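Single-structure report; data block below.
Along the sequence shown, the residues carry numbers beginning at 1. Counting convention: from 1, in listed order, for ligands and their atoms alike. Since this is a predicted model, take the numbers as computed values, not measurements. These numbers come from the heavy atoms of this one structure, side chains and all, not from hydrogens, waters or symmetry mates.
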Amino acid sequence: MAHNEQIIAASKKHPIVPLDEGKAYKYGTAGFRMRADFLEGVSFRVGLLSALRSRKLNSQAIGVMITASHNPAADNGIKIVDPMGEMLEQEWEAYSTKLVNCSTDQELADTYTALAEQFKIDLSSPAKVVYGRDTRPSGHTLVGALADALDATGTKYVDYKILTTPQLHYLVRCTNTENTPLSYGEISEAGYYKKLSEAFIRALAGSKVQGTLTVDCANGVGGPKLSEFLKYVPQDVCPFDVKVVNDAVHRPEVLNLDSGADFVKTKQRAPPSPAPVLDARCCSFDGDADRLIYYYTDSKTGFFMLDGDRIATLAASFIGDLVRAAGLQEELRTGVVQTAYANGASTQYIEEHLRLPVVCTSTGVKHLHHAACNFDIGVYFEANGHGTVVFSPDALRAFKEKEPQSPAQKEALDSLAALGDLINQTVGDALSDMLMVEVILAHKAWTLKEWSTTYSDLPNRLVRVEVGNKDLFQATDAERRLSHPPGAQDEIDEAVKKYTKGRSFARASGTENACRVYAEAATRVEADELANKVAAIVRNFGSV
Ligand SMILES: CC(=O)N[C@H]1[C@@H](OP(=O)(O)O)O[C@H](CO)[C@@H](O)[C@@H]1O
Ligand SMILES: [Mg+2]
């Protein structure tokens, strides 16, 4: 039977749920993400697209991750991962949207064939897809639909079952680099733990992690995976005292409930359970373990959060010092990538204190990742805790091959090489980022309080504004200004002018049906006032 007939037959088992009039499925910032009962047909169709993509890219393996990250338990989502573990190329997001929105099985099969023709894809060539899912119960049905699409298109596949999102990215890259000079690691979950634990010990280079680290896993997949990782850290060689909390994966209804990195960042407080312990070093993962936020509670000043901006500045400062100690500062360009949501004080600290260049990109990690790859060492984090550090092939080679002229230089080169292995090169990874932070704190012998004094955040406010049609709002200049509707940016500029250290911008959200307004200023009162004024401007322009 030709692919076409098989696709039509298999598709009947996984029909697409029609959306309300005028609505369509869309491959957004985080792939397709919505209530899980809409996603079975979507998953099937994503399977078809992944098969095409693999064949288009000379049979390299494509990844599919089934997760809705920090969303409520009833949601789920589907994301496609490109061969080096990076996010799906943007142009193909549109093709997947097109395939998913076909209204009949026949139209689906025809669109599949048309795409194959458009890209001159030989449908009899080999194709491979590897996939995993988070702990949501709906994941079962969704991988079933995915596998049916892969069978119908004669695609080989590996089901890695339950994984964190960054683990799947790791496995995709390992699969496609096996037996090459770029080999990224052993192609297994155990390989991931081995690589990270070995690099962690090397990067610590004898420094000791101080005290207990409490890790809130949002009752998601990060819990069991962190516990598994810890078995690979020999406590006699490397004492690492970790308390894993909120790891009730057997109770799907509590996933992301009052816990996790997104809760901590948006509510600006510690999870209520377990009860916060004064001065304890704590961090939170999100539901699929690709975001990380640190925090502590001080007896006098209360809750203090160290978010993505803080992690970026910590990493940039440490790595910048190592690059200088290794004598590589002329050879390798180090830089930091942020979005407009980064606190202005962090940007100033990086530029003026660390003397490193900062690039601002649009929201969404794929934009940051791309910009970070233009540096030899690119540190990127969104304020929400999603990010990583990417090293160019030149940088990795220099760490391994440069002849050290002194023991101190050798030590710096070894540390950089270890960080190159420790830090996930494919995507932000809560576990790997956490180990990086722990290494840096151990080397500096810093508590979270010491880390938090490097600079003071400007008071800021993020507001969500409901508007009739968010598409009226079009942004430019890395989303820092509005080009449409006409006149809106002039009014925002007028408002901002009145505030000391004032900065504010508005943009349409890429994940929700709303606009977001960010404002910061010298004082809390001014930041709130500015945010309210700009929100009022947006509301006004959005109501026409
Ligand atoms: C202000 C903010 O936090 N925006 C988030 C949010 O995007 P929006 O386009 O702002 O809805 O979701 C994205 C995907 O998770 C994340 O990358 C981004 O940082
Ligand atoms: Mg996530």
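The side-chain tip of Lys195 points at the ring of Tyr184 from less than 6.0 angstrom away and within 45° of straight on.
Ring pair Tyr518/Tyr341 is perpendicular by interplanar angle, where above 60° counts as perpendicular and below 30° as parallel. Taking the six-membered ring where tryptophan is involved, the planes of Tyr192 and Tyr170 are perpendicular, since the angle between them exceeds 60° and thus also 30°. The aromatic rings of Phe240 and Phe200 sit tilted, their planes meeting at an angle between 30° and 60°.
Counting only heavy atoms of the protein, atom 18 (C) of ligand 1 lies nearest to Thr363 CG2, 3.5 Å. Closest to atom 12 (O) of ligand 1 among all protein heavy atoms lies Thr511 CG2, 3.6 Å. Among all non-hydrogen protein atoms, the one lying nearest atom 16 (C) of ligand 1 is Glu382 OE1, 3.4 Å.
Under the 4.0 angstrom criterion for non-hydrogen atoms, Glu479 is not in contact with ligand 1.
By the side chain to side chain donor-acceptor pair (under 3.5 Å) test, Glu491 is found to be paired with no residue, residues two or more places apart in sequence or in another chain being considered.
Tyr349 and Ser317 share no side-chain donor-acceptor pair at under 3.5 Å. A donor and an acceptor atom, one from each side chain of Tyr499 and Ser504, are nowhere located under 3.5 Å apart.
For ligand 1, the polar-atom distance check against Tyr341 finds no nitrogen or oxygen pair separated by under 3.5 Å. At least one N/O-N/O distance between Gly510 and ligand 1 falls below 3.5 Å. For Ser509, a nitrogen or oxygen atom sits less than 3.5 Å from a nitrogen or oxygen atom of ligand 1, counting backbone and side chain alike. Remark: ligand 1 and Arg516 share an N or O pair separated by less than 3.5 Å (distance only, no angle test). Considering both main-chain and side-chain atoms, Asn384 comes within under 3.5 Å of ligand 1 through a nitrogen or oxygen pair.
Contacts with ligand 1 closer than 4.0 Å are made by side-chain heavy atoms of Arg291 only, the backbone lying farther away.
Protein atoms that are N, O or S and lie under 2.8 Å from the Mg ion (ligand 2) are these: Ser69 OG, Asp286 OD2, Asp288 OD1, Asp290 OD1.
Residue Arg507 approaches ligand 1 through these ligand atoms, each under 4.0 Å from one of its heavy atoms: 8 (P), 9 (O), 10 (O).
Applying the side-chain hydrogen bond (donor to acceptor under 3.5 Å, both in side chains) test to residues at least two apart or on different chains, the pairs with a partner in residues 465-478 are Arg464-Glu466, Asp477-Arg480.
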Just distance, no hydrogens or angles: give the donor-acceptor pairs under 3.5 Å from side chains in residues 129-138, sequence neighbours left out.
{"unit_1": "Asp134", "atom_1": "OD1", "unit_2": "Arg136", "atom_2": "N", "d": "3.0"}
{"unit_1": "Asp134", "atom_1": "OD2", "unit_2": "Thr67", "atom_2": "OG1", "d": "2.7"}
{"unit_1": "Asp134", "atom_1": "OD2", "unit_2": "Arg136", "atom_2": "NE", "d": "2.8"}
{"unit_1": "Arg136", "atom_1": "NH1", "unit_2": "Asn71", "atom_2": "O", "d": "3.4"}
{"unit_1": "Arg136", "atom_1": "NH1", "unit_2": "Pro72", "atom_2": "O", "d": "2.7"}
{"unit_1": "Arg136", "atom_1": "NH1", "unit_2": "Asp75", "atom_2": "O", "d": "3.1"}
{"unit_1": "Arg136", "atom_1": "NH2", "unit_2": "Ala68", "atom_2": "O", "d": "3.3"}
{"unit_1": "Arg136", "atom_1": "NH2", "unit_2": "Ser69", "atom_2": "O", "d": "2.7"}
{"unit_1": "Arg136", "atom_1": "NH2", "unit_2": "Asn71", "atom_2": "O", "d": "3.4"}
{"unit_1": "Ser138", "atom_1": "OG", "unit_2": "Asn76", "atom_2": "ND2", "d": "2.8"}

Full working for salt bridge (Lys or Arg N to Asp or Glu O under 4.0 Å) between Lys501 and Glu526: CA-CA 10 Å; Lys501 293 199 174 174; Glu526 288 175 294; over 6 Å; no
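In this structure the side chain of Leu88 reaches within 4.5 angstrom of the side chain of Tyr27, judged on heavy atoms.
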